[in-house]
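What follows is a single structure, written as structure tokens, with notes after it.
In what follows, every chain begins at residue 1, and chains take the letters A, B, ... in the order their sequences are listed.
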Number of protein chains: 2
Amino acid sequence: MRVVKEAEERRNEILDAADELFNQKGFDGTSTNDILEKVGIARGTLYYHFKSKEDIMDALIERYNVRILGAAREVAADKSIPVTERIIRVIMAIQISGGSNKEIMEHIHKPSNALMHQKIQKVIINGITPILAGIICEGIEQGLFHTPFPYECMEMIIAYANAVFDDDMVDLTTEERASRIQAYIFNTERLLGAESGSLMSIMQLFGSGTGSSSPESSHDFACKTD
Amino acid sequence: MRVVKEAEERRNEILDAADELFNQKGFDGTSTNDILEKVGIARGTLYYHFKSKEDIMDALIERYNVRILGAAREVAADKSIPVTERIIRVIMAIQISGGSNKEIMEHIHKPSNALMHQKIQKVIINGITPILAGIICEGIEQGLFHTPFPYECMEMIIAYANAVFDDDMVDLTTEERASRIQAYIFNTERLLGAESGSLMSIMQLFGSGTGSSSPESSHDFACKTD
DNA sequence: ATAATACCGACAGACAGTCGGTCGGTAACA
DNA sequence: TGTTACCGACCGACTGTCTGTCGGTATTAT
């Protein structure tokens, strides 16, 4: 008893199912059989709509891309919001997209699968950086920031945050994480040529519990003075 | 007609073969059959020595790790070399290990496979950063650098370089690459609180052809002034 | 001779993708 | 109106590849 649906509708059904499964089991841990069973279709149907498993992943990432960049651009364009606040909101747009999808986005950042993870990173770095760099340019005009390389600064800031805070690239204890956050903000100020202490509001991006104290490296790397 | 060899010797044969194949075809594109055929052993032999294909990759990465970090530590410990030169040599140790392995190392950085690539990145960032941070601390004592976060600075510098210059994370034209290098050096100076222009020697890490001119963002992102 | 280690190759199961065939919906035609 | 042809969506058995397993064998050292 076959059921015929519009191609667009079926494609989205497949993507919705894949979305859920990739979050639960990761890309590698999800078989095409898992996906087609969840949708309730046959193998041939799946491959009628997508040419490969990786094609499904790419379509899913593209769906997120459109959503994320759309949200980020809206925020960035709202000149009534102060520059710093806009930066924060754009970055938040990466983490929260469409309200009820928060948990989904968080899981997709987990190293469920390196390939998928890499592709998402690529989308974020190449997509979000120009938007943020645009905002930095406004800050430069307002005298908030001083750098001849707004784009490259934001690229560095985003790429690093991605590697250290969102990846499992660097294993951090709670203390180490707090220290990293402080250093991150300090270094962001330096890179952007912003006044010391002027970007502390970025801290809210990392949730609470990171207090605020004088700059100091609490990594096992305070320079030895012996 | 079976041939018996010492476990250590056989393990290295397998790793040598895997090394070559992973470079040629990537991890995903290399099957265990490829490896065992190249060595001239049976399936069961391969799995006698390694518990999985990923175990082979991990052993190979660990082999490189030991080699790379060893070379880096030697350089870092040579206090007769100026601080800046030592930084350069340590970074070069990542790219050139054991002379004749240069090409191999370069290929292993290619995105032959995301998982392997991710694991190598992790090793580099977590392994090299403390070594470099140690050197930075010496520079701080000598008044060359001024930062309360030597470790985090180097982490950011390494992580970013990895993402942009070694990954295919960001697609760069030759011009864009040159611009990125300039920005990278400029930003490195800022992060480390180094005197402007004092780290231009880092440029040699990127090969020739990057000239030298005044700081300017040649990304399509010079801030619009209208 | 015995025990431990290294080695062998047939096999099983999982998986992504293929391919010949079917079916529902629609347009064209008599 | 009924029939036919066509198209796109769908079906499921099958294929080939791959990783890892396991019962068995050969070699070496004692």
Atom pair distance, as rounded to whole Å: CG in L21(B) and C1' in dC18(D): 15 Å
Could you state the atom-to-atom distance from CD of E6(A) to P of dG25(C) in whole Å? 13 Å
Over all strands shown, is K51(A) touching base, sugar-phosphate only, or nothing at heavy-atom distances under 4.0 angstrom? nothing
Ignoring hydrogens and geometry beyond distance, is a side-chain donor-acceptor pair present between E152(B) and S179(A) at under 3.5 Å? yes
Check the distance between dG25(C)'s C1' and K5(A)'s NZ and give it to me in whole angstrom. 17 Å
Of the candidate nucleotides dG20(D), dG12(D), dC7(C), which contains the atom at the shortest distance from the side chain of H49(B)? dC7(C)
Provide, to the nearest angstrom, the distance between the CD1 atom belonging to I35(A) and the C1' atom belonging to dG17(C). 13 Å
Decide whether D19(B) and N23(B) meet the rule of one side-chain donor and one side-chain acceptor closer than 3.5 Å. yes
Short side-chain N/O contact from T45(B) to OP1 or OP2 of dC8(C), under 4.0 Å: yes
Of the options dG20(D), dG24(C), dA26(D), whose atoms approach the side-chain atoms of S52(B) most closely? dG20(D)
Spacing between Y48(B) atom OH and dG9(C) atom P, to the nearest angstrom: 18 Å
Under 3.5 Å, is there a donor on one side chain and an acceptor on the other for D34(A) and S31(A)? yes
Between dT5(C), dA13(D), dG24(D), spot the one nearest the side chain of R43(A), thanks. dA13(D)
Would you kindly give the CG-to-C1' distance between D34(A) and dA16(C), to the nearest whole Å? 13 Å
Between R10(B) and T32(A), which has a closest nucleotide on DNA chain C that is more 5'? R10(B)
Flag this pair as yes if the NZ/CZ of K53(B) is under 6.0 angstrom from the six-membered ring centre of F27(B) and inside a 45 degree cone about the axis; otherwise no. yes
For Y47(A) and dG12(D), what is the distance between atoms OH and C1' respectively, to the nearest whole Å? 14 Å
Give the nucleotide from the list dC10(D), dC8(C), dG17(C) with an atom nearest to the side chain of A42(B). dC8(C)
Y64(A) ring centre to R67(A) NZ or CZ under 6.0 Å, with the angle to the axis within 45°? yes
Roughly, in whole Å, what's the span from CG in L46(B) to C1' in dA6(C)? 13 Å
